[in-house]
Visitor: 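Structure provided below as structure tokens; questions to follow.
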There are 4 protein chains.
Amino acid sequence: MGVKERRKREKEQRRQQILDVARELCMRKSYFEVRMEEIAEGAEVAIGTLYLYFQNKDEIYATLCEEGLDILNRLIEEALQEKKDSQARLEAIGRSYLTFYAEYGSYYDVLSFVGMGFKQIGLSRELETRITQKSDAAIARLETVVREGMEAGEITGGDSKEVAFFLWGLLEGLIFIHRRGYMNAWSVDLASTSTKAMDAINRGISG
Amino acid sequence: MGVKERRKREKEQRRQQILDVARELCMRKSYFEVRMEEIAEGAEVAIGTLYLYFQNKDEIYATLCEEGLDILNRLIEEALQEKKDSQARLEAIGRSYLTFYAEYGSYYDVLSFVGMGFKQIGLSRELETRITQKSDAAIARLETVVREGMEAGEITGGDSKEVAFFLWGLLEGLIFIHRRGYMNAWSVDLASTSTKAMDAINRGISG
Amino acid sequence: MGVKERRKREKEQRRQQILDVARELCMRKSYFEVRMEEIAEGAEVAIGTLYLYFQNKDEIYATLCEEGLDILNRLIEEALQEKKDSQARLEAIGRSYLTFYAEYGSYYDVLSFVGMGFKQIGLSRELETRITQKSDAAIARLETVVREGMEAGEITGGDSKEVAFFLWGLLEGLIFIHRRGYMNAWSVDLASTSTKAMDAINRGISG
Amino acid sequence: MGVKERRKREKEQRRQQILDVARELCMRKSYFEVRMEEIAEGAEVAIGTLYLYFQNKDEIYATLCEEGLDILNRLIEEALQEKKDSQARLEAIGRSYLTFYAEYGSYYDVLSFVGMGFKQIGLSRELETRITQKSDAAIARLETVVREGMEAGEITGGDSKEVAFFLWGLLEGLIFIHRRGYMNAWSVDLASTSTKAMDAINRGISG
DNA sequence: GATGAATGAGATTTCATTCAT
DNA sequence: CATGAATGAAATCTCATTCAT
């Protein structure tokens, strides 16, 4: 009985090991440049073993996306606990996203390809659906906060979806720029810049 | 006499034809997925011909980047003509970027890889330098406008570089999100959203 | 247990198979004309398999050179056993070289490019060093025999290196001529000619 | 009338120019590495022009061989003038060959491929015949000298063809070794070594 | 005669995936 | 379950030769 359990646990561990290595590699190079052999080597398994845990290379990638979205959604949910004020709630979401980028940067890089390259990546419909759902969940959460803020009269700006999108866009863009090295090149600090940006936006949309 | 001229014209046309096809393909797939054979087929030339016009695949890609940056910088410069007010100038730059994305979207996609994948792409130092310079020029232009606005007391927010970066980040992020299809999925309009975002930001940073 | 052993043996066999085919082809055409595809076909493996055993085409070629030099050096060493007289020793070396050409002719052809084309061939420094060393070993052996003969008063002619080189040159040249078909065209026999040449030289240099 | 002549002269000059460049290049790299474009550039003509003067790449190569053989035969003929003694005549031929290598080294490299690679090179039968004939002429001349020496009792060694071949082989081999850089590596001088070799051989075959 | 842009077959090399053990 | 050698399609790039001007 215990044997079966141990087997299952070991299997899950090995699966995670593979994902860990793949994520690490996707952080350093483009997905297209990561080779299955590298993943196998890093995870200390044979190439063939990768195919016991994942249907193909794309599924590994998609699984990373899913994991990343899970983390992001969890971070957002945690950050929203006990925050009543709309401004504070928005700021909490923003901070979650920056934390996600800072602490789970390898997931971020993977995720930034979602949607872009997915038309070309062969994925099981099931996995694609899950990713789309989780992706939507994050946006939906943000939009809800904005809408509630508007209903409470704490936020102005008309359409809650539009406001949600430009808040998201601001963060996404800052990270995009940082990731590509422009901030370092110009000696600009991401944390400071995003704080100021959030403040400015908050002033601009406060009711 | 005219023969030489015509030859030169034809050569330039064919070069453009190759770039047009390459740009179109880079828009639909990742750079890594575009094959030289496809470009050749699309441009109706033999594969070898591509190598008469460009040293290798990377040079084609880099040339696209350079062209894109030239267009963007021109659009920005044109938009800034006759705008005296800082708010108007910032808005003009923002609109230039959106126009660039709308009208030259295929360039945008190519450019969004700049910095990201460049470490892996083998480019002549000369070309790489040109691209970096042109990339910096766009940022520098934005920062100058912000700084002048601060000096004129029309803009607040402390560091001009930080403000410039979050303005850029906002636009970059909105386009990023739009490009990945989220706006369409949520029935959100890019133009409307970005106008509102710029307004909010302007309110937030106006002195 | 036996499985591992058998695998190793099979791998070595396949490696030899590839080298055999490559050597055969290098014998019939110039190295530059031999295509990887031909080698693969001849060895009845896929092209990709070649790259499992050798880093690239040049390494296959270099390995052939190394193998050839090993055989040559072994033949020379064997031939020198139990020969006390300088004349006999020189003759033994000469005969070794002719044997090498006769029995391992395919190696000879490969080796005759060493030094000539090597500047153009991209080799690992390690392999290049090994080849140079083994190449030098053969010459050094010959020179030693000549020098010892001079010290024993059995050989005259002044400089041992010069004498060693012209002995080597004689053999090299005879084989060169034979290999190019001139001897057959003129109905001249290599064995007979080289015996006479060695005799004449021996008379010319005997103390 | 003069126009036609000038045209013909110019054409011959251009042909020579092409051959000069090709020879120079064949000296520095293997024939297979020399590109038609390089030859065209060096000769300051268009690629297409090469094909007005030669049917294909191989014909350029073969023409170089032919020219080389012409020079060699002329040198030998000149050297044999007024030499009565067999020893002197043989020495004269040897010296011719060394001179040929020293002064027309670029031809030598080209010639050393004759016979070796010719099966693979597509040549007009006419040109191939001419080359074979000229190649044979050099050997025949040597053999004649040896035979006359034997008839005069100045040379011993049995078969004149065999003796001729080992004399030729000696020179060929020494140059072969020198050309591949071994003599330089071992600080051995070609001129000195070949003089000693000829002396030794002469002693060995003198009647 | 001269040009040189264009061709396209063919070379080397890579890597996701399979399958016999 | 795990292995990893083998596969072979596909990618980039080269270069002798042609042909319209």
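Below, chains carry the letters A, B, ... as their sequence lines are ordered, and counting in each starts from 1. This structure is a prediction, so every number in the text was calculated from the model and none was measured.
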Visitor: Check the distance between dG1(E)'s P and R15(D)'s CZ and give it to me in whole angstrom.
Guide: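 It works out to 12 Å between those atoms.
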Visitor: Atom CD of E38(D) to atom C1' of dT14(F): distance rounded to whole Å?
Guide: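 Atom-to-atom, E38(D) to dT14(F), this comes out as 12 Å.
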Visitor: In whole Å, what is the span from the CD atom of E33(B) to the C1' atom of dA16(E)?
Guide: 14 Å
Visitor: Send over the distance from K57(A) NZ to dT14(E) P, rounded to a whole Å.
Guide: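 From K57(A) NZ to dT14(E) P: 15 Å.
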Visitor: Using the salt bridge (charged side-chain N to carboxylate O under 4.0 Å, His left out) criterion, which residues pair with R14(C)? Sequence neighbours excluded.
Guide: none
Visitor: Rounding to a whole Å, what distance do you find between M36(B):CE and dG8(E):P?
Guide: 16 Å
Visitor: Residues in side chain to side chain contact (heavy atoms under 4.5 Å, CB included) with E12(C), at least two apart?
Guide: R15(C), Q16(C)
Visitor: Could you give the NZ-to-P distance, from K8(B) to dG4(E), as a whole number of Å?
Guide: 15 Å
Visitor: Can you list the residues that meet the side chain to side chain contact (heavy atoms under 4.5 Å, CB included) rule with E38(D), with sequence neighbours excluded?
Guide: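 Only L25(D), K29(D), V34(D), R35(D) meet the side chain to side chain contact (heavy atoms under 4.5 Å, CB included) criterion with E38(D).
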Visitor: With nearest nucleotide decided by heavy atoms, which residue, E37(D) or R14(A), maps closer to the 5′ end of DNA chain F?
Guide: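 Its nucleotide being nearer the 5' end, the pick is R14(A).
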Visitor: Do you know the tightest heavy-atom contact between A62(A) and L127(A)?
Guide: CB-CD2, 3.5 Å
Visitor: Minimum heavy-atom separation for I60(C) and A22(C), please, with both atom names.
Guide: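 Heavy atoms only, the tightest pair is CG2-CB, 3.6 Å.
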Visitor: For DNA chain E, what residues of residues 39-53 of chain A have any heavy atom nearer than 4.0 Å?
Guide: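 The answer is I47(A), Y51(A).
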Visitor: dC1(F) phosphate, OP1 or OP2: any side-chain N/O from K11(A) under 4.0 angstrom?
Guide: yes
Visitor: Give, for atom CD1 of I39(B) and atom NZ of K57(B), the distance between the pair rounded to the nearest 0.5 Å.
Guide: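 One finds 7.0 Å between CD1 of I39(B) and NZ of K57(B).
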Visitor: Please give, in whole Å, the distance from dA2(F) C1' to F54(A) CZ?
Guide: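 In whole Å, dA2(F) C1' lies 16 Å from F54(A) CZ.
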Visitor: What are the two closest non-hydrogen atoms of E59(C) and F54(C), and how far apart are they?
Guide: OE1-CA, 3.7 Å
Visitor: Under a 3.5 Å cutoff on both atom distances, Watson-Crick or G-U, what's the dot-bracket for DNA chain E ([ ] crossing, | other strand)?
Guide: .||||||||||||||||||||
Visitor: Classify R7(A) by what it touches in the nucleic acid, base, sugar-phosphate, or nothing, heavy-atom distance under 4.0 Å.
Guide: nothing
Visitor: Which residues satisfy the side chain to side chain donor-acceptor pair (under 3.5 Å) test with Q13(C), sequence neighbours excluded?
Guide: none
Visitor: Would D20(D) and E24(D) satisfy side chain to side chain contact (heavy atoms under 4.5 Å, CB included), going step by step from the backbone distance to the final call?
Guide: CA-CA 6 Å; D20(D) 288 346; E24(D) 189 70 25; over 6 Å; no
Visitor: Take R35(A) and Q55(A), find for each the nucleotide of DNA chain E with the closest heavy atom, and name the residue whose nucleotide sits nearer the 5' end.
Guide: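 Its nucleotide being nearer the 5' end, the pick is R35(A).
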